[in-house]
Protein chains: 2
Amino acid sequence: MDAIDLSLVDLLRGNARLSYAELARQVGLSAPAVHERVGKLESGGVIRAYRAEVEPETIGLGVTALIGIVEDSGADTDDVLEAFRAIPEIESCYFMAGVESFLLKARVGTIAELEQLIVRLNRTPGVNSTRTSIALSTKWENRPQAVAPPAA
Amino acid sequence: MDAIDLSLVDLLRGNARLSYAELARQVGLSAPAVHERVGKLESGGVIRAYRAEVEPETIGLGVTALIGIVEDSGADTDDVLEAFRAIPEIESCYFMAGVESFLLKARVGTIAELEQLIVRLNRTPGVNSTRTSIALSTKWENRPQAVAPPAA
DNA sequence: AGGCTGAGGTCGATGGCGTCCACGGACTGT
DNA sequence: ACAGTCCGTGGACGCCATCGACCTCAGCCT
């Protein structure tokens, strides 16, 4: 992980569909060299995936909620996690410090679906209680934070 | 937005670097047709961006925090928003229902940097108080939720 | 009914890109 | 000094992106 790798990561976080040729121009190497570096970043676990970022409303996922989960005393955290993993509406899952063991970000189409989701969560073995906050709007999300030095 | 568009969105949410030729094979159209459809999805605001998803620890952003913000009574929400937007560590910003007007997801390298961030937030005009929860680990994040019908 | 029009597709051509390979220079340890 | 390793370059070749021409079908106006 040198400065060039960091630049590549920044460039791809900004636009994952840049061609290797374009990346090469930006960092001042040849295309094959960039190809090899990016390949290593992928197989080395630095780059996990390339994803299109979609406006959720346009695909019928207009309701965003953040849900704190309090576990039962003596619950098996791994089991709870697996149960959460099986619920597609849960987009993100953080294991937290504090009374609430998990914080979930969920996306559904309607408030009625959110209600169903909350019921389902409360019924999940190991879950003691849930606390749901609704996001009225998403100002921005997953903004990539530049990490490379200014410029070679 | 027909079923093919939804499939394209799903495919690109799964892997943003798929070639048009490959997308075309998957949805059963020709490459130029797919090219045009994806172009329309982009310019129509459905696809906002393509981003590489990076393991944060590997680029020196090992600390994730979720921060609730209570505004001063009479604060100008837009001004507060602009102040937040200028802080690169804030990756996501949701405008919430409830006492806390905003929920922020921030990523920093160290606890010391988190402390500085919290101080900065508390000093921001219009911010009455902050409540920070630290994520001990991210189980998963931004998992794409399939939205297309099973398969043509 | 007939024909115009526009949307949205296919096909074919061409230039650029991805990707493989052979080669070369700098650093390192012996 | 020398050999090995790492990391890069340049060339070659086949696939892909992308443009233009054309086709087909649905809807609509006359």
Side-chain angles (χ1 to χ4, degrees), chain A residues 1-61 142 144 146-152, chain B residues 1-61 142 144 146-152:
Chain A
M1 276 296 272
D2 60 6
I4 292 182
D5 282 336
L6 287 177
S7 298
L8 290 172
V9 165
D10 273 357
L11 288 166
L12 286 170
R13 288 216 293 173
N15 180 4
R17 281 180 79 83
L18 288 174
S19 67
Y20 291 116
E22 181 59 29
L23 291 170
R25 277 187 285 272
Q26 301 273 341
V27 303
L29 289 182
S30 65
V34 167
H35 187 253
E36 188 180 339
R37 275 172 178 266
V38 172
K40 282 182 184 168
L41 289 171
E42 290 168 359
S43 59
V46 175
I47 294 177
R48 232 181 319 190
Y50 301 98
R51 303 204 177 288
E53 196 182 294
V54 168
E55 199 73 43
E57 294 79 14
T58 63
I59 54 169
L61 295 174
N142 301 122
V147 80
Chain B
M1 272 297 271
D2 61 6
I4 292 183
D5 282 338
L6 287 177
S7 298
L8 289 173
V9 165
D10 273 357
L11 288 166
L12 286 170
R13 286 216 294 172
N15 180 5
R17 282 183 77 85
L18 254 27
S19 68
Y20 291 116
E22 181 58 29
L23 291 170
R25 276 187 285 271
Q26 301 272 342
V27 302
L29 289 182
S30 65
V34 167
H35 188 254
E36 187 179 341
R37 274 173 179 266
V38 172
K40 282 179 184 169
L41 289 171
E42 291 168 358
S43 59
V46 175
I47 295 177
R48 231 182 318 186
Y50 301 97
R51 302 205 178 287
E53 196 182 294
V54 167
E55 198 73 44
E57 294 80 12
T58 63
I59 54 168
L61 296 174
N142 301 123
V147 81

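What you see is a predicted model, and the numbers here were worked out from it, not measured in a lab. Residue numbers begin at 1 in each chain, while the letters A, B, ... track the order of the sequences.
The side chain of A/Lys40 lies closest to D/dC7 when the candidates are D/dC16, D/dC7, C/dC17. Nearest to the side chain of A/Leu29, among C/dG18, D/dA17, D/dT9, sits D/dT9. The side chain of B/Pro32 lies closest to C/dG12, out of C/dC17, C/dG9, C/dG12. The side chain of B/Ser30 approaches C/dT10 more closely than any other nucleotide in the set C/dG18, D/dT9, C/dT10.
Between B/Gln26 atom CD and D/dC16 atom P the separation is 13 Å, expressed in whole Å. One atom, CD1 of B/Ile4, and another, P of C/dA7, lie 18 Å apart when rounded to the nearest Å. Going from atom CG of B/Leu8 over to atom P of C/dG9 covers 10 Å, rounded to whole Å. Computed from coordinates, the B/Arg37 CZ to C/dT10 C1' distance equals 14 Å when rounded to whole Å. Rounded to whole angstrom, the span from the CG atom of A/Leu18 across to the P atom of C/dC17 amounts to 12 Å. We find that NE2 of A/His35 is positioned 16 Å from C1' of D/dT9, with the value rounded to whole Å. Between the C1' atom of D/dC16 and the CG atom of B/Leu23 lies a distance of 12 Å, rounded to the nearest Å. Taking atom CD of residue B/Glu36 and atom P of nucleotide C/dT10, one finds them 11 Å apart after rounding to whole Å.
Contact between the side-chain N/O atoms of B/Arg25 and the OP1/OP2 oxygens of D/dC15 is not found at any separation under 4.0 Å.
The CG atom of B/Leu6 sits 9.0 Å away from the OG1 atom of A/Thr58 when rounded to the nearest 0.5 Å. With rounding to the nearest 0.5 angstrom, the CZ atom of B/Arg17 is 8.0 Å from the OG atom of A/Ser19. For the atom pair CG (A/Leu41) and CE (A/Met1), the distance works out to 6.5 Å, reported to the nearest 0.5 Å. Taking CD1 from A/Ile59 and CG from B/Asp5, the interatomic distance works out to 12.0 Å, rounded to the nearest 0.5 Å.
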